[in-house]
Amino acid sequence: MAEQLIITVSGLRGLVGENLTPPIAAEYGCAFGTFLKEGSTGRNTRLSVCIGRDSRPSGQMLKAATAAGLCAVGIDVVDLGLVTTPGVSIMVTELQCAGGVIITASHNPIQYNGIKLLLGNGIAPPVEQAERIRQYFSQKHFALVDSTECGQVTSNEQTDAKHIAKVLAIIDKKTIAAKKFKVALDSVNGAGARVTKKLLAELGCEVSAINDEPTGIFAHPPEPTAENIKSLREAVKANRADIGFAQDPDADRLAIVDENGTYIGEEYTLALAAKYVFSKFATRNSKFEIPKAATNLSTSRMIDDIAEKVGGQVIRTAVGEANVAGAMLHHNCIIGGEGNGGVIDLRVSPVRDSLAGIALVLQLMAETGKTISRLVGQIRGYYMIKDKFAVEQSRVQQVLESTKSVLSELPGATVSIIDGYRFDFKDSWVHIRASNTEPVVRVIVEAKDQPTAQEYIKIIQAKALIH
Ligand code: MG
């Protein structure tokens, strides 16, 4: 049986040629455009939406179809071409568009594609608004216009330049360039290679790039996990690089390989970026300000340890990039993101951005004069398990409640109910939540050692999952 089209807060995702077709993309464009027009009632100006795509071969087709849908409801479209997700977010605000669209299925394999939506602030719509767009799509509630009112499509090729300028503004180019870093880069033949190579050239790095043709024919499964980026680990060693960077196809996620060719885990990407940003804050006269970061409940405690050292604070949100970005804006956070290698620096854009991550990590290395393995060694590591268990929809709540009754009784437990349940203990925590996209519960455990982390999983399996 064909998989279902998945619609979440961040957009729509499906299998190309099965459930994700040009008519579906056009209707989704109509629904999004109708939603944006309703939000701007009373304004006389015409609305525009910028649209970009990652490198998948189905991208051109779906971009054209989505743009047609937007034009059909009277929205002008700015075609940014083949660009990254953070690039689109930047251009939404630069061009004062009412919204943005990215044709990407992020880290999913080539068979998939998706249509990601951004509002005028460059962030994915919050839950209620995403639900309204979904309703308009399923009910075919489209504010179609007549022939004289149809939207027009124009092109804009400024995304790379704007993106690079914004990233350069948050670091000191000269300090990095003086180090002449050797960098290995794996862009998985996605949208990241072109702009990232330009950025690294600006930073005076000597780059060995692999999988840097934006063909969308992914050289390995595109999620930047340890197993998937073996070729980058080899490239780091072969080229004696100081660091290796791996991006996912739309370049919002970043994984790091140290100078020995060791994969350091995506959780460290945000921790390292935060270490640099918090250190800068600590050197300023910040007596009256509390520096804040935001991240989701499933992200490592390393960021809390880093923040604590400078009297900072970490805001925890429900899982979902828009939740983190919303909290960052609300609390004026200096850094944020997600443990999947997603660094958000609001000075660049309110979405996860591998380029911002790369620049902040290189700046940290340049200023401290330390190798990446040394910097990682200075951050107190934890042992993390990310697991998922198949649970029928009807039993999900029961599993969550059973877990709560067991774990909340353990010594020192504090419980958060923002998104499923998160249980914090002195040196460990457990987060259990229902997936938004699959009939599974996700369990993330972090503890000071592997046996302790495994013990929590065993407890959940024995007391909540088996019935
Ligand atoms: Mg992505």
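Note that ligands are numbered from 1 as they come in the structure, with each ligand's atoms numbered from 1 the same way. Small disclaimer: the values here were computed from a predicted structure and weren't measured.
- For the pair N108 (side chain) and Y112 (backbone), a donor-acceptor distance under 3.5 Å is absent.
- Other residues, nucleotides and ligands contribute over 12 non-hydrogen atoms within 6.0 Å of the NZ atom of K198.
- Surrounding CD of E206 are at most 12 heavy atoms belonging to other residues, nucleotides or ligands under 6.0 Å away.
- Around the NE2 atom of H141, the shell of radius 6.0 Å holds more than 12 heavy atoms that belong to other residues, nucleotides or ligands.
- One finds no salt bridge joining R253 and E338 here, because no Lys/Arg side-chain nitrogen approaches an Asp/Glu carboxylate oxygen to under 4.0 Å.
- Shown here are the side chain to side chain donor-acceptor pair (under 3.5 Å) partners of T85, two or more places apart in sequence or in another chain: D250.
- Of all protein atoms, those that are N, O or S and lie under 2.8 Å from the Mg ion (ligand 1) total 4.
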